[in-house]
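Atoms within each ligand, like the ligands themselves, are counted from 1 in listed order. Keep in mind that what you see is a predicted model, and the values were worked out from it rather than measured.
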Amino acid sequence: MQDGLQRPSWRQTAGRFRIQRVLVTGTAGFVGHHLSLRLLQEGREVLGIDNFDPYYDPALKRARLERLIHERGFRFHELDLSEGTAFFELMERFRPDIVVHLAARAGVRNPSGDLWAYARPNLDGFVSVLDACRRVRPQLIAYASSSSVYGVGSPVPYHEDDRSDRPASFYAATKRANELMAQAFSGLEDIPCVGMRFFTLYGPWGRPDMAYYSFTRDILAGRPIALHEAEAMRRDFTYIDDAVEAVVRLLDRGIAARASFAETRHSLYNIGNARPIGLLDFVNTLERLLEREAPKVHRPRQPGEVVLTYADTTRLREAIGFVPSTDIADGLASFVTWFRHYHAV
Ligand SMILES: NC(=O)c1ccc[n+]([C@@H]2O[C@H](COP(=O)([O-])OP(=O)(O)OC[C@H]3O[C@@H](n4cnc5c(N)ncnc54)[C@H](O)[C@@H]3O)[C@@H](O)[C@H]2O)c1
């Protein structure tokens with residue numbers, strides 16, 4: 001994969017120069033692979049890295065990577081971000097214009113209580129990325145944060161300026177720590193950082209640990225599904241293509257703003273659908289699409305979960321002229337079609 005890393009990074013597109021080189025961490029992940037595909041289809045060069053963490057089935061990650069590997073302009077390096085020197089050397093050779101940092105241990109539930117499972121990728125990994133950026137100096141860093149930073153008791157809809165110092169999970173605490181690190185780093189190093197607070201992303205090639213995926217698997221297998229605090233639970237489900245559209249626009253805007261010196265160094269954006277769905281409505285929609293009903297087991301709320309997530313997307317709309325809006329029934333229909341095909345059920 002070393003071959004060709006020194007190619008020019010600028011290409012003239014429709015009469016203007018366009019940023020071409022994007023390094024994407026977590027490129028075999030759900031979001032990383034969708035975003036990489038989109039960037040490649042737009043003619044950009046992507047260097048992806050991933051360590052195929054076994055948090056969920058690495059075969060799915062390898063299958064996602066298969067979709068990218070034959071795309072023109074794509075290169076991949078299997079690497080753990082904790083190998084800071086190796087990551088820096090890769091960055092130095094590739095010299096990205098933009099770094100999109102998505103690699104992390106995702107998910108708020110942590111039944112084993114293992115804190116290092118989050119701290120190593122989410123804290124040490126973040127420092128590896130910042131430290132390499134300090135030396136290689138990309139024009140922009142965009143990184144994944146989460147709706148979970150709003151934590152317990154935040155008023156809805158969540159606005160980016162709301163309190164975010166009462167995380168309900170250790171995962172959320174690591175994501176908030178990333179935001180504070182980015183705030184300090186961007187000021188010290190004069191490299192703009194964009195934090196993207198994603199709200200429950202779903203869609204084809206999604207994550208098996210998330211409820212929409214495991215419910216689909218269980219409903220099709222005729223197994224009961226466990227509903228935790230079903231009457232109260234509401235989530236702001238955001239379709240993956242909408243999230244990718246928002247990310248791409250934020251990248252373009254970040255680069256344009258940097259060129260005109262107009263951008264603040266660190267900015268945070270909610271990327272959500274701004275339309276929370278009750279858990280019971282969500283399950284009904286899924287059952288309708290699957291043409292099956294599942295037996296339900298009602299359980300109390302799981303540790304780390306909040307009852308409601310709801311994005312205020314005013315800032316996002318003002319920045320990029322776009323907000324996610326895909327209807328849950330349409331988004332879930334695409335997911336179900338993919339699921340049946342991928343799992344041959
Ligand atoms: N999917 C969502 O609903 C959602 C919501 C909020 C925030 N996020 C955040 O968005 C980002 C992407 O999420 P996703 O859903 O694609 O998760 P994902 O688990 O599918 O993708 C993350 C990828 O990072 C890789 N990775 C983990 N640790 C690594 C390391 N140390 N070195 C190299 N690679 C490593 C994993 O193997 C995986 O492929 C994450 O930072 C996540 O916390 C996602």
Return yes or no for this condition: an N or O of [X] is under 3.5 Å from an N or O of ligand 1.
{"X": "Gly29", "answer": "yes"}
{"X": "Val31", "answer": "yes"}
{"X": "Ser82", "answer": "no"}
{"X": "Ile49", "answer": "no"}
{"X": "Leu81", "answer": "yes"}
{"X": "Phe30", "answer": "yes"}

Can the positive tip of [X] be found less than 6.0 Å from the middle of the six-membered ring of [Y], inside 45° of the ring normal?
{"X": "Lys175", "Y": "Phe126", "answer": "no"}
{"X": "Arg62", "Y": "Phe52", "answer": "yes"}
{"X": "Arg134", "Y": "Phe185", "answer": "no"}
{"X": "Arg135", "Y": "Phe88", "answer": "yes"}

If you measure from [atom] to every heavy atom of [options], which option wins on shortest distance?
{"atom": "atom 37 (O) of ligand 1", "options": "Thr309, Val149, Asp50", "value": "Asp50"}
{"atom": "atom 43 (O) of ligand 1", "options": "Tyr212, Tyr171, Tyr56", "value": "Tyr171"}
{"atom": "atom 31 (N) of ligand 1", "options": "Asn122, Asp80, Thr200", "value": "Asp80"}
{"atom": "atom 40 (C) of ligand 1", "options": "Leu102, Asn51, Ile271", "value": "Leu102"}
{"atom": "atom 36 (C) of ligand 1", "options": "Arg120, Lys61, His77", "value": "Lys61"}

For ligand 1, which atoms have a heavy atom of [X] less than 4.0 angstrom away?
{"X": "Ala144", "result": "9 (C), 10 (O), 11 (C), 41 (O)"}
{"X": "Leu201", "result": "1 (N), 2 (C), 3 (O)"}
{"X": "Phe52", "result": "37 (O)"}

Quiz prompt | Thr25 side-chain N/O to Ala103 backbone N/O, donor-acceptor pair under 3.5 Å | solution =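 The answer is yes, because a donor-acceptor pair under 3.5 Å joins these two groups.
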
Practice problem: Answer yes or no: is there a side-chain heavy-atom contact under 4.5 Å between Arg207 and Tyr56? | Solution: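 Yes; the side chains approach each other to less than 4.5 Å.
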
Quiz item: Considering only heavy atoms from C-beta outward, does the side chain of Glu189 approach that of Arg265 to under 4.5 Å?
Solution: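 Glu189 does not reach Arg265 side chain to side chain.
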
Quiz prompt | Min heavy-atom dist Thr25 to ligand 1 below 4.0 Å | solution =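 The answer is no: ligand 1 sits nowhere under 4.0 Å from a heavy atom of Thr25.
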
Quiz item: Judged by non-hydrogen atoms, does Ala28 sit under 4.0 Å from ligand 1?
Solution: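 Yes; Ala28 lies near enough to ligand 1 that a heavy-atom distance drops under 4.0 Å.
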
Can you pull out the closest protein heavy atom to [atom]? Residue, atom name and distance to 0.1 Å, please.
{"atom": "atom 22 (C) of ligand 1", "answer": "Ala104 O, 3.9 Å"}
{"atom": "atom 6 (C) of ligand 1", "answer": "Phe198 O, 3.3 Å"}
{"atom": "atom 33 (C) of ligand 1", "answer": "Leu79 O, 3.3 Å"}
{"atom": "atom 15 (O) of ligand 1", "answer": "Arg207 NH1, 2.8 Å"}

Quiz item: Quick check, are the ring centers of Phe215 and Phe335 under 6.0 angstrom apart?
Solution: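 They do not qualify: ring centres at least 6.0 Å apart.
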
Quiz prompt | hydrophobic_cluster_shared for Val31 and Tyr171, side chain cutoff 4.5 Å | solution = no

Quiz item: What class does the angle between the rings of Phe237 and Phe282 fall in, given that below 30° is parallel, 30 to 60° is tilted and above 60° is perpendicular?
Solution: parallel

Exercise. Give the ring-plane orientation class for Phe30 versus Tyr212, where under 30° counts as parallel, over 60° as perpendicular and anything between as tilted.
Key: tilted

Considering only heavy atoms, does [X] approach ligand 1 within less than 4.0 Å through its side chain, its backbone, both, or neither?
{"X": "Lys175", "value": "side chain"}
{"X": "Ser145", "value": "backbone"}
{"X": "Thr238", "value": "neither"}
{"X": "Met210", "value": "side chain"}

Self-check item: Candidates Leu308, Asp162, Asp236 - the one meeting side chain to side chain contact (heavy atoms under 4.5 Å, CB included) with Val156
Solution: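 Of Leu308, Asp162, Asp236, side chain to side chain contact (heavy atoms under 4.5 Å, CB included) with Val156 is met by Leu308 alone.
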
Quiz item: From Leu220 CG over to Phe339 CZ, what is the distance, rounded to the nearest 0.5 angstrom?
Solution: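 The CZ atom of Phe339 is 6.0 Å from CG of Leu220, to the nearest 0.5 Å.
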
Practice problem: Apply ring-ring contact (aromatic ring centres under 6.0 Å, His included) to the pair Tyr310 and Tyr158, showing each step before the final yes or no. | Solution: CA-CA 6 Å; Tyr310 181 0; Tyr158 299 155; 7.9 Å; no

